[in-house]
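Let me begin by presenting the structure, written as structure tokens, before commenting on it.
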Amino acid sequence: MERCLIIGSGCAGLTAGIYSSRANLEPLIIGGLSPGGQLMLTSDVENYPGFEKAVQGPDLMETMRRQCDRLGVRFLHDQIDRVDFHTRPFRCWTSEAKEIEAHSVIVATGANAQWLGLPSEAKLRGRGVSACAVCDGFFFKGKDIVVVGGGDTAMEEATFLANFASSVTVIHRRDKLRASAAMQEKARRQQKIKFIWDSAVLEVMGEETVSGVRLKNLKTGAMSNFPCAGFFVAIGHEPATAFLKGHLPMDDKGYILVEPGSQVKTSIAGVFAAGDCVDHRYRQAVTAAGFGCMAALEARWWLEEQGLL
């Protein structure tokens, strides 16, 4: 029987582990089959407080993991496939059919950026290929950047990147955007932002870093190369919450809904949600860590109210 079970081992999950351990909740973290979250795919991180110089994403996660180890947080290298939040104690089952009972649960499973699926995209990820303008836009001051997508996310990314780049070119498969009228207008007012319509990216070019993209016009079939130094994929994120469908309220995209007036309380007392599986707006390491802190504190207060501490 666990006092506090944490599902996920990214910034939110590890921070929840740190705070819940210091609160004597003796937490168990189910790290997932790919521990560390999205920062494991990130190179230089310059916007996480406390680091004078840029820190590599995997190194930041390893530092947080060691801090958890020092505080006595326990880890299980597995993932949760099934839950039952309708009775107490809560019950969760891992992919290896191990059943875990817990008085409180913190869901911190994060969200995964959606990629195009190109081998060249994967090869150059972190070397000019990114899915987070706020994280990496600073590195492209005065450079020419390509953004792929046509929704609100793409317009937000392009508008933000225009603050740094020499030019931002949005590449979209259709001849019109899917973004809201307000977001389209905001992007069109920015003189640095241009558009290439009816086109798909076939390849991200470059050896050590991005040097351009190979395009195909989907109407004419014409092929062309377009030079750029940065390639941002902005076709959305997918929260890792499929296994919770029917157990927690979610929006139509799969993000967990929290109670009004709370950042982390779900509609089920004793179950909390933290990080990018809740937050579809900020999606930053530092905000995920903040969510993890709040969830751990709320879990402790709830357990105290229930007489379980």
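Each residue takes its place number in the sequence, starting with 1.
Proximity of a side-chain donor or acceptor of Thr266 to a complementary backbone N or O of Val271 within less than 3.5 Å is detected. When atom types are taken as modelled, the side chain of Ser167 and the backbone of Lys192 share no donor-acceptor pair closer than 3.5 angstrom. A donor-acceptor pair is defined here as one N or O able to donate and one able to accept, closer than 3.5 Å; no such pair exists between the side chain of Gln79 and the backbone of Gly31. Under a 3.5 Å cut-off, the side chain of Gln184 and the backbone N or O of Ala179 do form a donor-acceptor pair. Between the side chain of Asp136 and the backbone N or O of Ala133 there is no donor-acceptor pair closer than 3.5 Å. Although no hydrogens or angles enter the test, the distance criterion places a donor-acceptor pair under 3.5 Å between the side chain of Glu121 and the main chain of Gly117. Judged by distance alone, with hydrogens and angles left aside, the side-chain atoms of Thr94 form a donor-acceptor pair with the main-chain N or O of Lys98 at under 3.5 Å. The backbone N or O of Cys293 lies less than 3.5 Å from no partner atom in the side chain of Thr15, so there is not a single donor-acceptor pair. A donor-acceptor pair is defined here as one N or O able to donate and one able to accept, closer than 3.5 Å; no such pair exists between the side chain of Ser95 and the backbone of Asp81.
Taken to the nearest 0.5 Å, the OG1 atom of Thr169 stands 9.5 Å off from the CG atom of Leu215. Atom CG in Leu5 sits 9.5 Å away from atom CZ in Arg74 (nearest 0.5 Å). Leu202 contributes atom CG, which lies 10.0 Å from atom CG of Asn225 (distance to the nearest 0.5 angstrom). A distance of 12.5 Å separates NE2 of His280 from CD1 of Ile256, quoted to the nearest 0.5 Å. Here CE of Met61 is found 4.5 Å from CG of Leu14. Values are rounded to the nearest 0.5 Å. One finds the CG atom of Leu309 at 5.5 Å from the CG atom of Leu25 (value rounded to the nearest 0.5 Å).
For the pair Arg283 and Asp279, the salt-bridge criterion is not met [side-chain N within less than 4.0 Å of a carboxylate O]. Here Glu203 does not pair with Lys123 in a salt bridge; the nearest charged N to carboxylate O distance is not below 4.0 Å. Taking the charged nitrogens against the carboxylate oxygens, Asp198 and Lys219 do have a contact shorter than 4.0 Å, which makes a salt bridge.
Aromatic ring centroids of Phe140 and Phe164 lie 6.0 Å or more apart.
No chain of hydrophobic side-chain contacts below 4.5 Å, direct or via other Ile, Leu, Val, Met, Phe, Trp or Tyr residues, connects Met294 to Ile7. Note: the hydrophobic cluster containing Val213 does not contain Ile145 (ILVMFWY, side chain heavy atoms under 4.5 Å, direct or indirect links). Hydrophobic clustering of Ile, Leu, Val, Met, Phe, Trp and Tyr side chains at less than 4.5 Å, counting indirect connections, keeps Ile106 apart from Phe243. Val146 and Trp115 fall within the same hydrophobic cluster, defined by Ile, Leu, Val, Met, Phe, Trp and Tyr side-chain heavy atoms under 4.5 Å apart, directly or through other members.
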**Prompt:** Should Val73 and Ile6 be marked as a side chain to side chain contact (heavy atoms under 4.5 Å, CB included) after you check the CA-CA gap, both sets of side-chain angles, and the distance that decides it?
**Reply:** CA-CA 10 Å; Val73 178; Ile6 300 169; 5.9 Å; no
**Worked check of side chain to side chain contact (heavy atoms under 4.5 Å, CB included) between Val264 and Phe291** = CA-CA 7 Å; Val264 296; Phe291 275 109; 3.8 Å; yes
**Request:** Report the C-alpha separation of His103 and Met1 in whole Å, then their side-chain angles, then the decisive distance to 0.1 Å, and conclude whether the side chain to side chain contact (heavy atoms under 4.5 Å, CB included) test is met.
**Result:** CA-CA 8 Å; His103 290 305; Met1 176 67 65; 3.5 Å; yes
**Request:** Show the numbers, then the answer: is there a side chain to side chain contact (heavy atoms under 4.5 Å, CB included) between Gln284 and Cys135?
**Result:** CA-CA 8 Å; Gln284 299 299 301; Cys135 308; 3.8 Å; yes
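Minimum heavy-atom separation, Thr241 to Met250: O-CE, 3.2 Å. Annotation for Ser199 and Ile171: closest pair O-CG2, 3.7 Å, computed over non-hydrogen atoms. Nearest heavy atom pair, residue Ala165 against residue Lys143, reads CB-O, 3.2 Å. For the pair Ala274 and Ala295, the tightest heavy-atom approach, listed with the atom from each and the gap, is CB-CB, 4.0 Å. Of all the heavy atoms in Cys68 and Ile18, the pair that sits closest is SG-CG1, 3.7 Å. Across all their heavy atoms, Val204 and Ser120 have their closest contact at N-OG, 2.9 Å.
Each of Leu244, Leu248, Val107 was checked for a side-chain contact (heavy atoms from CB on, under 4.5 Å) with Val83, and the lone residue meeting it is Leu244.
Between Lys186 and Glu156 there is no side-chain heavy-atom pair separated by less than 4.5 Å.
Taking the ring axis of Phe195 as reference, the NZ or CZ atom of Arg188 stays within 45° of it and closer than 6.0 Å to the ring centre. A cation-pi arrangement is found for Arg65 relative to Phe75, the charged atom lying closer than 6.0 Å to the ring centre and inside a 45° cone about the ring normal. Geometrically, Arg173 does not engage Trp197 in a cation-pi contact defined by less than 6.0 Å to the ring centre and at most 45° from the axis.
Other residues, nucleotides and ligands contribute only 12 or fewer heavy atoms inside 6.0 Å of the CZ atom of Arg22. Counted within 6.0 Å of CD on Gln191, heavy atoms from surrounding residues, nucleotides or ligands total 12 or fewer; the atom is thus considered open. Remark: Phe51 CZ is packed, more than 12 non-hydrogen atoms of other residues, nucleotides or ligands lying under 6.0 Å away. Within a 6.0 Å radius of CD in Glu238, other residues, nucleotides and ligands contribute 12 heavy atoms or fewer.
Side chains of Asp152 and Ser180: a donor-acceptor N/O pair is present below 3.5 angstrom, by distance only.
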